[in-house]
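Predicted, not measured: the structure shown is a model, and the values here were computed from it. Lettering follows sequence order; numbering is per chain, from 1.
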2 protein chains.
Amino acid sequence: MNKEFSSLIETRPSTLADDVFSNLRTAIVKGELESGSKINEPQLSKLYGISRGPLREAIRRLEGCKLVEITPNVGAKVISLNKSQAIEIYEIRESLEGLACRLSATRVDQKDCNKLRDLLSNHAQQIQSENGRLYYQKEGDLDFHYLIVQLSGNARLFHLLCEELYHLLRLYRCQTSSKPSRPGQAFKEHHNIVDALENRDGELAEMLMRRHIANAKETLISQFEE
Amino acid sequence: MNKEFSSLIETRPSTLADDVFSNLRTAIVKGELESGSKINEPQLSKLYGISRGPLREAIRRLEGCKLVEITPNVGAKVISLNKSQAIEIYEIRESLEGLACRLSATRVDQKDCNKLRDLLSNHAQQIQSENGRLYYQKEGDLDFHYLIVQLSGNARLFHLLCEELYHLLRLYRCQTSSKPSRPGQAFKEHHNIVDALENRDGELAEMLMRRHIANAKETLISQFEE
DNA sequence: TTTCAACATATTGTCAACAATATGATTGAA
DNA sequence: TTCAATCATATTGTTGACAATATGTTGAAA
């Protein structure tokens, strides 16, 4: 059979375990499956209309992403992040996104920088017009970071940040329904980072990104004080 | 039944999937399961004397650790790292172990530093006496890094480095049967790092560690040239 | 009332069988 | 010979049933 042709009409094969994995992951990240809640296999397998076999495989993959914790003979629970764990994640982010900036500075061209500027002006509009639609602000913020990590060209770094840590951040934000957190200043810092990238100044870009995330971490910590 | 008492004689409960996961992981890291080789479920389930159910769960966890790659309807393969992937890992290591040093500098006490020195003098002995037993040198090197990451106090960082990236490094070393790589200079650099930690100089310790790993990366890259 | 044990129930762990897909060999035609 | 289609085999994907463990409840004794 013609492989090239058939791939255009047939849907790409994927296993039930893979589908349920994505579904569960978004459910967890969006908060539909509450932080700390137990994962009931019979219940979920009924919900998704599959047997427990593939479901259990999906849960194992979630365990690999650190989104659930499994206790033998007891079951899986959606993880729940406490303050110190959130700080740990921010420390790692600070380091890794600094790296992403340093790498990106050696690879970006003008088109990339324009894309970043476009993103930022979109954010500016949203901040002005919607005047506090938290969700989009936050997702927009992640978009910016997302793009820079992509530009770094380090695929493993991309996976680590965008496929693992960012999901945890979303989970944490949802879990604590965290506050808006200084949209104005962050916006400025983003522009400074793009400036550095445009000048191919990797060291500066790294430092600015690290400070940017360190600031976010401080905001986070001060929110704990209440 | 008396729980406290029985736990003393009965082995702690763990699932077959968990056991097989550890077994497979060490088999992969030690090279007993060759890089790039296919994972045959019926064959492995016979080898370990279990059914395919728990085996598949173990394989999913390995997928989460990025030690195998799964293609739907085709199966799992042990990953195989190429040059650029190895470089990507070293870039990430450089960043994260720098972080580990910075954090450690704010937390170490004299006892910790003594432990580090002890490790290093053990290494010195091994380098002198065995004069080229590569394996121990390399494992010893990892021991040093392992301990510093532990001292950082960031549990997630520890997991990321020691439970994920280091396994990949071992796999890569085994896959390429890599060369001795500058035992003398590395030894010096290790001591300089402990000096900085002893002085609670986090910035310096971070910079030294980053350079240390950057050097190792350069050695790695130059080995490709042959 | 409280505490402990035994029981009933629910959930997780494991297995073997079946279905769907891929892989490799064979056959037949150009 | 070479290519394609077809078939046989092996492997993966999925399921439902059973076993082992944990959880929650009831009831009896202190």
Using a 4.0 Å cut-off on heavy atoms, which residues in residues 51-60 of chain A reach DNA chain C? List them by number, or say none. R52(A), R56(A)
Rounded to the Å, how far apart are I50(B) CD1 and dT14(C) C1'? 9 Å
Can you tell if the side chain of L55(A) reaches within under 4.5 Å of the side chain of E41(A), non-hydrogen atoms only? yes
Separation of dC15(C) P from K46(B) NZ (nearest whole Å): 15 Å
Salt bridge (charged side-chain N to carboxylate O under 4.0 Å, His left out) involving E91(B) - partner list, sequence neighbours excluded: none
Below 4.5 Å, heavy atoms only, C-beta onward: do H190(B) and H212(B) meet side chain to side chain? yes
Under a 4.0 Å N-O cut-off, is there an ion pair linking R210(B) with E206(A)? yes
Could you check how far CG of L44(A) sits from P of dA10(C), rounded to whole Å? 18 Å
d(CZ, F21(A); C1', dT14(D)) in whole Å: 19 Å
Which nucleotide in the set dT11(D), dA22(D), dT15(D) lies at the smallest distance from any side-chain heavy atom of N73(A)? dA22(D)
When the distance from CG of N40(A) to P of dG24(D) is rounded to whole Å, what number comes out? 12 Å
Does a side-chain N-to-carboxylate-O contact under 4.0 Å join R60(A) and E57(A)? no
Whole-Å distance between dG13(C) P and R61(B) CZ? 12 Å
Please report, rounded to the nearest Å, how far the C1' atom of dA10(C) is from the CD atom of Q43(A). 12 Å
When you check the phosphate oxygens OP1 and OP2 of dT12(D), does a side-chain N or O of K38(B) lie under 4.0 Å from one of them? yes
Protein-nucleotide distance (I70(B), atom CD1; dT11(D), atom C1'), rounded to Å: 14 Å
Do V68(B) and L24(B) come close enough that some side-chain heavy atom pair is under 4.5 Å? no
